[in-house]
Amino acid sequence: MNATDQVTAPIYDRLIAEHGDVVADVARVAEQTRRHAAAVLDFAGAAPDGEDADGE
């Protein structure tokens, strides 16, 4: 058996059918949260201490 071969997991497949793909949902929400946090915490436009936003 090759490490890249797909193996069926009937218990996991049944859980996904019953409850949805929780792992994929969590991964999607985590990525959305990461993007939102990156946008909110974007300090690229912040001026260094002692300077105005226009560099003075």
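Nothing fancy with the numbering, it's 1 onward along the sequence. Heavy-atom basis, side chains included; hydrogens, waters and symmetry copies ignored.
Enclosure of atom CG in Leu41 by more than 12 non-hydrogen atoms of other residues, nucleotides or ligands within 6.0 angstrom is indicated.
Distance check, rounded to the nearest 0.5 Å: OG1 of Thr33 to CZ of Arg28 gives 12.0 Å.
Using a 4.0 Å cut-off between charged nitrogen and carboxylate oxygen, Arg34 and Glu31 count as a salt-bridge pair.
A continuous path of hydrophobic side-chain contacts links Val23 to Ile16 [ILVMFWY only; heavy atoms under 4.5 Å].
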